[in-house]
Amino acid sequence: MSQPNPSAVDPGKIALRARNVEFDWAGVPLHWMPTEAFASHTVSALNLLLPEGERWFCATYAEALPLITDEKLREDVIGFIGQESVHAETHNKVLYEFLDANGVDPRPYVRQSEFIMRKVLGPRDASSPRVQHQQLVERLAFIGAIEHMTAFLGDYALNSRWDEFNAHPKMVDLFRWHGAEEVEHRNVAHEVAEYFGVGYFRRNIAMAITYAAFILLLIRGTRFIANQDPALPQVGVLGTWGGLLGAMRRGSLPSLWKMTTAVAAYVNPRYSPETIGNTAQAVAYLASSPGAKAGV
Ligand SMILES: [Fe+2]
Ligand SMILES: [Fe+2]
């Protein structure tokens with residue numbers, strides 16, 4: 001896929017709808033960026049986190065929806081749930097049809113993801129309806145923070161240099177299709193968090209925890225895949241960092257500086273998700289995505 005035009009005029013907020021997609025993973029190699037094994041594994045590691053993470057978004061928003069009386073926000077939340085649900089199940093297929101098919105058993109990591117998202121971060125018994133409501137608001141604060149990161153990563157995927165590394169077009173399309181929908185719905189989680197009264201302090205605590213957890217889980221996921229890859233030597237945490245920093249230097253992954261600067265934008269009291277990405281670029285990509293066209 002050629003890169004979409006990032007300078008297209010932004011049409012602003014648009015009605016959200018889920019799109020069916022179809023990806024055939026047969027024959028896509030584990031090193032889908034042939035000269036960038038580590039970067040391939042780091043991006044592939046997102047598949048280990050996304051299915052359970054996005055199912056958790058959907059379950060939490062389904063819990064929040066009856067409490068939202070603003071009609072426009074309700075519509076956005078329903079569109080958001082539809083899109084995230086397709087994302088979760090599409091990445092779930094990648095776990096088995098791409099990773100497992102290439103000799104990387106995703107099941108041990110998936111079991112851990114399920115435990116974290118369902119038991120640790122899922123709804124817990126509460127002593128009163130007020131405490132139960134606060135637990136929901138905490139989860140909505142975290143989803144707001146995570147969606148700031150997914151909007152940044154979506155914009156990164158849309159404008160990435162992966163084609164220069166001869167990346168497999170199907171994997172590039174998967175992350176550009178998903179990234180484009182993240183850009184398209186980037187306002188929703190922030191608006192939901194604000195609607196439920198998540199303030200400046202709580203939102204930034206959620207962001208700090210989210211960013212640290214994201215980096216840790218991604219390093220763990222990269223190492224998990226790399227250590228099942230017979231073409232690579234076994235690596236520890238330091239070796240994984242070395243692999244990642246090299247890929248960042250060459251431009252096959254976003255640099256730590258770029259990611260940290262993007263995360264830091266959340267600290268601005270006037271923060272708006274509108275400042276990340278371009279809806280026109282995202283919608284144009286979605287209209288041309290082979291995976292989205294195949295799903296129609
Ligand atoms: Fe998503
Ligand atoms: Fe999202």
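Remember, it's 1-based here, ligands and their atoms both numbered in the order they're listed.
Under 4.0 Å is where a charged nitrogen must lie from a carboxylate oxygen, and between E181 and R176 no such pair does. Taking a cutoff of 4.0 Å between a charged side-chain nitrogen and a carboxylate oxygen, K72 and D70 do not qualify as a salt bridge. Using a cutoff of 4.0 Å between basic side-chain nitrogens and carboxylate oxygens, K119 and E114 are not scored as salt-bridged. Salt-bridge annotation for E52 and R118: present, with a side-chain N of the basic residue lying under 4.0 Å from a carboxylate O of the acidic one.
Around the Fe ion (ligand 2), the protein contributes the following N, O or S atoms under 2.8 Å, ordered by chain and number: E84 OE2, E147 OE1, E147 OE2, E182 OE1, E182 OE2, H185 NE2.
Between the W162 side chain and the M33 main chain, no donor and acceptor come within less than 3.5 Å of each other.
Applying the ring-ring contact (aromatic ring centres under 6.0 Å, His included) rule to pairs touching residues 201-233 yields Y109-F224, sequence neighbours excluded.
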